[in-house]
Each structure stands twice: as C-alpha cells, then as structure tokens.
Amino acid sequence: AALKAGQQRQALYWQGVSLKLADQVPAAVASLKDAAAVAGEDPTAMAIEFQIALCERLLKKSAEAQERFQKIVEAEPQGKY
C-alpha cells in the first residue's frame, strides 16, 4: 500500500537522519529534501530544514547552511531550533 503524505514525510525524515548518522551525508540530504518536498507547511518542515542545514555544514557548504539556519530563525524566532 502507498504511504500517506504524513507517513512518507516521516519515513523520508528518519531515513535522512539515519543516513547522516551513518556518514552517508549526500544521500541524507537527498532524502531530507524529498521529505521537505512533501512536508509543505507541516510543523515538521522546520525540523527537516534544520537537518538539511546540519548536513550542509558537514559537507562544508557553509553559505547554504547559513542561509538555511537563517530561514529557520526568521520563521521561528522563539522556536525549538
């Protein structure tokens, strides 16, 4: 059976986090970006963006990571991240 959007988002998110922890960071970014694409305005979207930013930092993509971190701060100035 096909996954519902929320299930797909969660599966892709945790796959991305797991890949990051396994030092497969480029694959993690791909999975997390897929999760972001289905997240839309879901509250988990910022958690996904945060994980992508962490991966970009690991990949030495400082400008991209900084831009993503700034987007998170602007979206949720009192947020969890």
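- Screening residues 48-61 for salt bridge (Lys or Arg N to Asp or Glu O under 4.0 Å) gives Glu49-Arg68, Glu49-Lys71, Glu56-Arg68 as the qualifying pairs, with residues at least two apart or on separate chains.
- Ala35 and Tyr13 get closest at one heavy-atom pair: CB-N, 3.8 Å.
- For the pair Ala45 and Gly40, the tightest heavy-atom approach, listed with the atom from each and the gap, is CB-O, 3.7 Å.
- Note on Met46: it clusters hydrophobically with Phe50, by side-chain heavy-atom contacts below 4.5 Å among ILVMFWY residues.
- Rounding to the nearest 0.5 Å gives a distance of 3.5 Å between OG1 of Thr44 and CZ of Arg9.
- Annotation: the span from Leu59 atom CG to Ile52 atom CD1 amounts to 11.5 Å, rounded to 0.5 Å.
- Here the CD-CD distance, from Gln15 to Gln8, works out to 10.5 Å after rounding to the nearest 0.5 Å.
- Rounding to the nearest 0.5 Å places CD of Gln24 at 11.0 Å from OG of Ser31.
- To the nearest 0.5 Å, atoms CH2 (Trp14) and CD (Gln51) are separated by 8.0 Å.
- In this structure, Val29 is a member of the same hydrophobic cluster as Leu58, with clusters built from ILVMFWY side-chain heavy atoms closer than 4.5 Å.
- Distance CD1/Ile48 to CG/Leu12: 8.5 Å, rounded to 0.5 Å.
- Connection of Leu54 to Ile72 is established within a shared hydrophobic cluster, with ILVMFWY side chains joined at heavy-atom distances below 4.5 Å, either directly or through further cluster members.
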